[in-house]
Amino acid sequence: MAIYLMLTTLTDEGRKSIQEDPERLRESNKEVEYMGIKIINQYALLGQYDFVNILEAPSNEAITKLAIRLSAGGTTQTLTLAAITLDDLINAL
């Protein structure tokens, strides 16, 4: 399975939604896992992005589907980055 970093920014609607119901964040996690994507870790951020999620997904297509579904709800915008381990990079070189 491949590793991805998903940087997420909340929209105005998203900020309102989690302020009214912070547990909504956990409900989103259930949706992600239902799609066959494993959440390795999550952090709330200060700065340009609101959250970073470290995810394990079976394919680029699966992570793309997730990014589109999350953004389609109108509460978030995402930037997804594929990641490889240093050992894999060194072996490839």
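Ion pairing between Glu23 and Arg26 holds under the 4.0 Å rule for side-chain N and carboxylate O. Comment: Arg24 engages Glu27 in a salt bridge, judged by a side-chain N to carboxylate O separation of less than 4.0 angstrom.
For the pair Glu31 and Arg69, the minimum side-chain heavy-atom distance is 4.5 Å or more. By the 4.5 Å heavy-atom criterion applied to side chains, Tyr43 and Asn53 are not counted as neighbours. Two residues are said to be in side-chain contact when any heavy atoms from C-beta on lie closer than 4.5 Å; Ile39 and Val32 meet this criterion. Inter-residue side-chain proximity for Leu10 and Thr75 is flagged as unmet; no heavy-atom pair is nearer than 4.5 Å. Annotation: side chain of Ile54 is in contact with side chain of Leu5 (closest heavy-atom distance under 4.5 Å). Here the side chains of Lys65 and Met35 are in contact, with some heavy-atom distance below 4.5 Å.
Pairing each heavy atom of Tyr4 with each of Ala57, the nearest pair is CE1-CB, 3.8 Å.
Under the side chain to side chain contact (heavy atoms under 4.5 Å, CB included) rule, Leu45 has a single partner from Leu7, Thr8, Thr9, Asp50, which is Leu7.
For the pair Ser17 (side chain) and Glu13 (backbone), a donor-acceptor distance under 3.5 Å is absent. Here the side chain of Thr76 pairs a donor or acceptor atom with the backbone of Leu70 at under 3.5 angstrom. Remark: the backbone N or O of Ile84 is not paired with any side-chain donor or acceptor of Asp88 at under 3.5 angstrom.
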